[in-house]
> 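Below is a structure I'd like to ask you about.
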Amino acid sequence: MTANQNHYPLVEVDLDKMQENLAALIERCHDSSVEVAGVVKGATALPEIVRVFAHSGVRFVATSRIDQLRSIRNAGIDAPLMLIRVPMLSEVEEVVLLSDASLQSDITVIHAINAEAKRQEKIHQVMLMIDLGDLREGFWDAEELVDAAVEIERELKNLRLIGVGVNLSCYGSIKPNKRNMQGLVSLASDVEKAIGRPLEYISGGASTSMRMVLDGTMPYRVNLLRLGEIVLTGQIYGCYPEFTHKDVFTLKAEVVECRDKPSFPVGELTVDAFGKHTHYEDRGIRRRALVAMGRVDYGNPIDITPRMPGVEILGASSDHTILDVEAVKDDIKVGDVLEFNVSYASLVYLTNTQSVQITYRGGAGKSFNKV
Ligand SMILES: *Cc1c(COP(=O)(O)O)cnc(C)c1O
């Protein structure tokens with residue numbers, strides 16, 4: 001076995017395509033005076049990927065988890081880091097140690113961060129989150145938000161209030177639009193009046209807010225977006241720019257069985273491996289291929305798509321994915337490696353498991369496929 005032999009399932013990351021996505025998106029943002037926080041949690045903050053973000057001109061590298069912040073620091077990457085999940089009280093020490101800035105929505109946690117920053121002799125930057133209807137994190141009451149801002153500004157000496165932000169399109173499926181963006185700007189103005197100075201950042205959300213930058217409808221005071229998915233996959237629901245690569249990631253899996261079988265299960269039907277009643281369509285005898293990867297690797301099979309036309313996913317258990325290959329039966333045999341497109345929902349799992357090998361194309365390291 002040679003050192004660089006591939007083990008399947010495997011995800012190949014084209015760092016050059018990802019870098020081009022980043023550069024193109026950042027350029028459009030900068031044209032609208034918007035800075036970018038590059039969100040790397042979708043690819044588990046793999047150092048090779050974070051390095052591309054860190055060298056791209058993002059204002060912060062951002063992620064949701066402390067362990068990812070630590071692995072970024074351990075990889076020697078010294079970009080400013082932002083924690084984008086509002087922190088647990090139990091992780092305050094690490095928040096201050098490992099991040100430069102964090103999103104906040106609770107005054108008890110904010111007090112604890114200030115005390116810890118004092119202990120560590122640091123000034124920690126905070127952005128207050130406002131909930132404008134998506135009903136995940138954020139202050140709901142405007143007065144409570146302004147009070148927190150004033151307290152940070154006047155009394156919590158080891159914190160610096162850098163701005164306010166909103167999160168949308170996550171739990172409540174709320175679409176960023178002129179109305180909620182103007183609501184954000186107006187709340188930011190209330191905070192600015194109360195503290196007597198302008199805020200550095202008004203952060204209008206994540207990838208789903210990019211559409212408003214591209215179509216020129218983002219209010220000009222919104223000047224920071226936190227972008228992950230649209231960089232990694234080149235698109236997000238409702239926004240499919242023509243200038244981005246949609247194939248930064250390629251999932252590869254090996255065929256371990258390929259034969260004709262009935263399409264309707266034989267015997268007494270009960271539930272599948274996950275306790276679910278499943279519907280099976282009887283299409284007669286058809287060629288099926290089994291590939292050695294399953295839900296443990298990528299989550300849900302609806303989040304991966306075979307690249308070869310004519311290949312259809314029938315289902316999956318923990319370690320197997322079952323494909324209908326009747327339309328291409330002469331082109332597939334045991335030992336073949338099939339390619340799949342991956343969506344964000346599968347990427348978070350694929351990059352977060354020891355079972356999947358990750359290889360890189362391009363990037364500063366140019367580890368293989370030099371051109
Ligand atoms: C995950 C996350 C983002 C990035 O979301 P994308 O859809 O990947 O751009 C931004 N902000 C917060 C608070 C997040 O949790």
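All values below come from the heavy atoms of this structure, side chains included, with hydrogens, waters and symmetry mates left out. Since we're looking at a predicted model, the values are computed, not measured. We count ligands from 1, going down the list as the structure has it; atoms in each ligand are counted the same way.
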> Can you tell me if Glu229 and Tyr344 form a side-chain donor-acceptor pair at under 3.5 Å?
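There is no such pair between these side chains.
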
> According to side chain to side chain donor-acceptor pair (under 3.5 Å), who are the partners of Glu116, at least two apart in sequence or on a separate chain?
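For Glu116, the residues satisfying side chain to side chain donor-acceptor pair (under 3.5 Å) (neighbours in sequence not counted) are Arg119, Gln120.
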
> Under a 4.0 Å heavy-atom cut-off, which residues neighbour ligand 1?
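Heavy-atom contacts below 4.0 Å: Val39, Lys41, Ile84, Leu103, Arg136, Glu137, Asn167, Ala206, Ser207, Arg226, Leu227, Gly228, Glu229, Tyr344.
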
> If the condition is side-chain contact (heavy atoms from CB on, under 4.5 Å), which residues does Asn114 pass it with, not counting sequence neighbours?
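Leu156, Asn158, Leu159.
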
> Given the ring of Phe274, does Arg295 sit roughly above its face, with NZ or CZ under 6.0 Å from the centre of the six-membered ring and within 45° of the axis?
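The answer is yes; both the distance and angle limits are met.
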
> Sort out for me which residue in Arg283, Arg288, Lys261 forms a salt bridge (charged side-chain N to carboxylate O under 4.0 Å, His left out) with Asp324.
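Running salt bridge (charged side-chain N to carboxylate O under 4.0 Å, His left out) over Arg283, Arg288, Lys261 with Asp324 returns exactly one hit, Arg283.
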
> Not counting sequence neighbours, which residues clear side-chain contact (heavy atoms from CB on, under 4.5 Å) with Val296? List them please.
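For Val296 the side-chain contact (heavy atoms from CB on, under 4.5 Å) partners, ignoring immediate neighbours, are Ser318, Asp319.
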
